[in-house]
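Here's the structure, in structure tokens; my notes come after.
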Amino acid sequence: MAANPAVALGIVSGLAAGAFIYVRKKCVKKAALAAVTAFLALGTPLHFIIVPVFAGYHANNILHRYIDRNWASFLVSLLGLPVLFGVLQATGRLYVTLSVPGSLDLGGALAVGIGMGLLFALLIVAGTVSYALSSLFASFRRRQTHD
């Protein structure tokens with residue numbers, strides 16, 4: 001089986017994130033958590049869920065610093081959905097091209113292509129929905145702490 005560049009990227013990024021957190025905080029537990037999270041976010045298809053959740057939550061919080069209106073920051077954060085959709089589409093295309101199986105006949109190639117296309121379309125939709133829900137969660141959480 002050939003090496004998968006996406007998994008290699010996840011391993012390298014996980015090691016880098018773990019080392020960075022360990023140098024800054026001197027906590028092995030936080031460094032291990034950062035390493036595992038970075039590996040899962042960049043080296044596996046869980047990238048389609050983990051990255052949008054972090055992006056939606058933090059986009060809402062960053063916008064709230066500038067806008068200082070809770071629900072307005074949520075609505076403005078939804079403007080990031082087209083950008084996120086494009087990024088997930090590009091990374092989905094990358095995963096499809098990196099995980100091509102060996103030689104197949106025409107029927108097998110069609111089945112694999114259609115199946116992977118549908119899978120990544122579902123993951124892209126799940127990613128955009130999780131972005132919106134995590135941004136909404138940030139607004140609800142902020143509302144609970146300020147009331």
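Nothing fancy with the numbering, it's 1 onward along the sequence.
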Just verifying a value: how many Å separate [X] [atom1] and [Y] [atom2], rounded to the nearest 0.5 Å?
X      : Y      : atom1 : atom2 : value
Tyr57  : Ile62  : OH    : CD1   : 11.5 Å
Leu9   : Phe39  : CG    : CZ    : 10.0 Å
Leu84  : Ile124 : CG    : CD1   : 9.5 Å
Ser73  : Ile67  : OG    : CD1   : 6.0 Å
Leu123 : Leu118 : CG    : CG    : 11.0 Å
Leu136 : Leu75  : CG    : CG    : 10.0 Å

- request: Apply side-chain contact (heavy atoms from CB on, under 4.5 Å) to the pair Asn60 and Arg142, showing each step before the final yes or no.
  value: CA-CA 10 Å; Asn60 187 319; Arg142 192 177 307 112; 2.7 Å; yes

message: Is there a continuous path of hydrophobic side-chain contacts, each under 4.5 Å between heavy atoms, that joins Leu81 to Phe85?
response: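 In one cluster with Leu81: Phe85, yes.
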
query: With hydrophobic residues grouped by side-chain heavy-atom distances under 4.5 Å, do Val51 and Val125 end up in a single group?
result: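 No, it is not one cluster - the side chains of Val51 and Val125 are not joined through contacts under 4.5 Å.
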
Under 3.5 Å, is there a donor-acceptor pair between the side chain of [X] and the main chain of [Y]?
X      : Y      : value
Tyr131 : Ser77  : yes
Thr91  : Val87  : yes
Ser130 : Gly127 : yes

Which heavy atom in [X] sits nearest to a heavy atom in [Y], and how many Å separate them?
X     : Y     : value
Gly18 : Ala35 : CA-CB, 4.0 Å
Ile50 : Ala41 : CG2-CB, 3.8 Å
Ile21 : Ala34 : CG1-CB, 3.6 Å
Lys30 : Lys25 : CD-CD, 4.1 Å

Are any non-hydrogen side-chain atoms of [X] and [Y] less than 4.5 angstrom apart?
X      : Y      : result
Leu33  : Lys29  : no
Trp71  : Ser139 : yes
Phe137 : Val53  : no
Ile11  : Leu15  : yes
Leu88  : Pro52  : yes

task: Check whether the ring centres of Phe48 and Phe120 lie less than 6.0 Å apart, and answer yes or no.
output: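 Yes, they do, as the ring centres are separated by less than 6.0 Å.
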
task: Indicate whether any N or O donor in one side chain lies under 3.5 Å from an N or O acceptor in the other, for Arg143 and Asn70.
output: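 Side chains of Arg143 and Asn70: no pair found under 3.5 Å.
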
